[in-house]
Amino acid sequence: MQNSNSEYIIEMKHITKRFPGIVANDDVSISVKKGEIYALLGENGAGKSTLMSMLFGLYEPDEGEIFIRGEKVKFKSPNDASAIGIGMVHQHFKLVEPFTVTENVVLGIEGGTIVDLKSAREKILKLSSEYGLEVNPDDKIKDLPVCTRQRVEIFKMLYRDAEILIFDEPTGVLTPQEIDKLLEILENLRKSGKTILLITHKLEEIKRVADRCAILRQGKLIEVVNTKDVSTSEMASLMVGHTVLFDIDKSPMKKGDVVLSVKNMSYKKKGESVYRVRDVNFDVHAGEVFAIAGVSGNGQMEIADIITGIIQDSTGEIVLDGEDISKLSIDERIKRGISYVPEDRHAVALVLDETLEDNIVLKKMDTAQFLKKIFLRRNEISTYADMIIDKYDVRSGQGRSTIVRSMSGGNQQKAIIGREIELDAKLLIFVQPTRGLDVGAIENIWKLILKERDRGKAVLLISLELEEIMNLADTVGVIYNGHIDKIASRDQLTEREIGSYMMGVKHNG
C-alpha cells in the first residue's frame, strides 16, 4: 500500500468532487496532525461537509487521494472508515425515531443476532457521566427535543471509541452552556490523543479550541491559518471574500396595534404530570420584534408549535388580529396570516425528497396564483421559485430542480426563510432562524427580519443566541420552567440580567 508523510494522521490530496451542476470540492488538499483540532470554515455550500463526507466514506472523490496514518485508503462506505477509527457527528441527524437512545447508539455495530442492550445501556450511562451529556438511554428518539437528539449523535461516535473525530456543526442546536461543555469535551478528547476535525460557522468557537483552520470558498481552499495568529474578523473576510461588519441598522420602533395576543396559555404532554408551558401571557404588536429568550427545553419551542397549530391540546387563548384562532387547523392559521420558520427544518418545514421549487411553493400551491382548476401553473411556479432563489441567495447544484435533501443545511434554511417572508403574513414566527448559517448569511437574515418589522409586520423571535436577541429585539420575554417571568423593553435589560432570568436566578430570588 502506498505511503505518504507519516507526520500527518490525515492527508487529503487534490480532492475534487462533482455533483450535477456543481463542483463541490475543487482540487482541495489538507493535512492534519495527530492530536490537533483542525477547523473547516466556509460559507454555506462551500464544500466543507462534502469534504468530510469523503473522509468518512459517504462519498468517493472523483479525483485525488486520501492517506490515513501514512497509508493510502479508499473507502467504499462509512463502515470502512469506522473500521480504521474514524467517526462523524453529522449536521443532520441520522437517527431512527421509533428506536430508543440505546438502540440508535448500537445500531449497525453489534455483531450476531443477539444484541446485548443491557451492556450497551451501561456504557452509555458511563459515557453520559464522563462527558456530562445527560440523556436517558431508554427514551425514544421521537420524544426527544432537537438538542438531545444531537447528544445522541455524539454518543454514537464516543461509543465506538473512534480516534479521528469529525464534528459537522455540532453546536448548532446547543445552548451557550452546552456549547461551553462541548468545547471542554473537545479539549479533553484532544488531550487524550484524539484528532478532531471541526466544521462550524461560529468563529469564536474556532478561536477558542482550534489549532489551525482551513478556509474554503465556492469549493476551493483559500488559505490555512494558525488560529492564534488571526482575528475572527479576518477569518470572516477570508471566508466570504469581503469585510463582514455586522453593522445592523435598526431604526426606532414604530409600534402599531396588537397582532398576536397569547392569554393564559398552558400545556402538558399527554401522560406527563408537569406542565411544559405554564400560564403564559404576552402581546406582539405590528412593527415590533418580540423575542423569547431562554435555555433550551424551557417551553419556548412548544409555545411556537401551539401558536402555529402543531400542538392542538393546549389551554388558553391565541388571538390573531382580534380573532381567537385556538381551535383552527394549521392550514387555516396560515391563511389567517401566520408564517413559521421552525427549529427543526427537516421534521416540520421541508419535504426532503421533493424539489426546491415545490418546497418553495409548498404553502401556496393551492392558491389561484399557482393552481388552475386541478392543474398546476408550472411556469408561474418556476418563475416564483427563481425569484426567491435569487433574492435570498439560495445555492444549489441544479437550481429549482434540486432535490432538497442534497442541499446544504444553510441553503435549506435560506429557502425556508424566503418562502415564509414572501407569504406576506401578519405574524412572522422565527425559531432559531440563523442556526447553521455562516456569518455573512446571519447578517443578511438579521437585516431581512428587521426589514419585515419596519414594514409593520409583527415578529415573534425565539432564539437560544443572546447576541441575536440583543441585536434584533424590541421587547424581550424571558422564559424559565415554562413560564415567562420577565417582559421588558430590550433597552431596559442587559445581557447579564437576561441570563440571570434564563437560569432562574431572578425567579428564585
Side-chain angles (χ1 to χ4, degrees), residues 1-20 22-40 42 45-96 104-111 153-170 189 193-199 212 214 216 219-221 224 397 403 405-409:
M1 188 172 287
Q2 186 177 349
N3 292 325
S4 186
N5 191 339
S6 59
E7 176 188 359
Y8 299 105
I9 190 171
I10 301 164
E11 293 174 275
M12 303 184 77
K13 295 186 173 185
H14 307 292
I15 301 296
T16 295
K17 182 63 181 177
R18 303 178 185 89
F19 296 103
I22 190 170
V23 180
N25 293 126
D26 187 357
D27 193 25
V28 175
S29 297
I30 65 170
S31 300
V32 183
K33 296 177 182 178
K34 178 177 172 59
E36 77 172 326
I37 298 179
Y38 191 98
L40 290 101
K48 309 178 299 297
S49 295
T50 300
L51 189 66
M52 290 298 96
S53 293
M54 284 184 279
L55 183 60
F56 189 57
L58 285 168
Y59 302 136
E60 290 186 53
D62 296 324
E63 299 170 18
E65 300 174 312
I66 300 174
F67 294 84
I68 303 296
R69 303 180 193 90
E71 295 190 345
K72 185 177 178 179
V73 297
K74 189 170 184 178
F75 299 138
K76 295 293 186 182
S77 74
N79 288 338
D80 294 341
S82 296
I84 63 169
I86 301 176
M88 185 170 184
V89 175
H90 299 274
Q91 180 183 5
H92 300 310
F93 310 140
K94 298 184 181 296
L95 302 170
V96 182
N104 270 275
V105 169
V106 304
L107 192 63
I109 62 172
E110 296 285 353
E153 289 285 8
I154 295 172
F155 272 118
K156 286 167 61 178
M157 186 172 62
L158 296 175
Y159 187 89
R160 288 157 172 77
D161 300 317
E163 182 182 357
I164 296 169
L165 314 179
I166 306 167
F167 288 82
D168 190 354
E169 297 288 351
L189 288 168
K194 307 288 188 185
T195 302
I196 296 167
L197 294 110
L198 175 65
I199 300 172
R212 291 187 295 152
L216 292 98
K220 293 181 178 290
L221 179 66
V224 177
I403 299 300
R405 187 183 295 278
S406 69
M407 294 168 56
S408 71

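From a predicted model like this one, the values you see are computed outputs, not experimental measurements.
Here CG of Leu165 is found 6.0 Å from CG of Leu189. Values are rounded to the nearest 0.5 Å. Taken to the nearest 0.5 Å, the NZ atom of Lys34 stands 8.5 Å off from the NZ atom of Lys194. We find the CG-CG distance between Leu221 and Asp27 to be 9.5 Å, quoted to the nearest 0.5 Å. Between the CG atom of Leu58 and the NE2 atom of His90 there is a distance of 5.0 Å, given to the nearest 0.5 Å. A distance of 5.0 Å separates CD1 of Ile68 from CD1 of Ile84, quoted to the nearest 0.5 Å. Here the CD1 atom belonging to Ile199 is positioned 11.5 Å from the CZ atom belonging to Phe167, to the nearest 0.5 angstrom.
Of the possible polar contacts, one joining the Lys17 side chain to the Glu60 backbone as a donor-acceptor pair under 3.5 Å is found. Looking only at distances, no side-chain donor or acceptor of Lys156 sits under 3.5 Å from a matching main-chain atom of Asn104. The backbone N or O of Lys94 lies less than 3.5 Å from a partner atom in the side chain of Glu153, making a donor-acceptor pair. No donor-acceptor pair under 3.5 Å is formed between the side chain of Ser31 and the backbone N or O of Glu11. Under the 3.5 Å distance criterion, the side-chain polar atoms of Arg160 are left unmatched by any main-chain donor or acceptor of Ala83.
For the side-chain hydrogen bond (donor to acceptor under 3.5 Å, both in side chains) test, no residue two or more places apart in sequence or in another chain qualifies with Asp62. Among residues two or more places apart in sequence or in another chain, the ring pair (Phe, Tyr, Trp, His ring centres under 6.0 Å) test is passed with Phe75 by none. Not a single ring pair (Phe, Tyr, Trp, His ring centres under 6.0 Å) links Tyr38 to another residue, sequence neighbours left out. Residues passing the side chain to side chain contact (heavy atoms under 4.5 Å, CB included) test with Lys220 are Asp26, sequence neighbours excluded. Partners of Lys33 by side-chain hydrogen bond (donor to acceptor under 3.5 Å, both in side chains), not counting sequence neighbours: none found.
Closest approach of Gly57 and Ala81 over heavy atoms only: N-CB, 4.4 Å. Nearest heavy-atom pair, Ala162 versus Gly87, reported as atom, atom and distance to 0.1 Å: CB-N, 3.6 Å. Across Ser408 and Gly45, no two heavy atoms sit closer than the pair OG-N, 3.7 Å. Nearest heavy atoms, Pro61 versus Ile15: CB-CG2, 4.0 Å.
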Evaluate Ile86 against Ile10 for side chain to side chain contact (heavy atoms under 4.5 Å, CB included), listing each step before the verdict.
CA-CA 11 Å; Ile86 301 176; Ile10 301 164; over 6 Å; no
Please determine whether side chain to side chain contact (heavy atoms under 4.5 Å, CB included) holds for the pair Leu216 and Asn25, giving the CA-CA distance in whole Å, both sets of side-chain angles, and the decisive distance to 0.1 Å.
CA-CA 9 Å; Leu216 292 98; Asn25 293 126; 4.2 Å; yes
Using distance only, find each side-chain donor-acceptor pair of residues 47-56 under 3.5 Å and give its atom names and separation, not counting sequence neighbours.
unit_1, atom_1, unit_2, atom_2, d
Lys48, NZ, Gly42, O, 3.1
Lys48, NZ, Glu43, O, 3.1
Ser49, OG, Asp168, OD1, 3.3
Ser49, OG, Asp168, OD2, 2.7
Ser53, OG, Ser49, O, 2.8

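Atom CZ of Phe19 has more than 12 heavy atoms from other residues, nucleotides or ligands within 6.0 Å.
Side-chain contact between Arg18 and Thr16 is present, with at least one heavy-atom pair separated by less than 4.5 Å.
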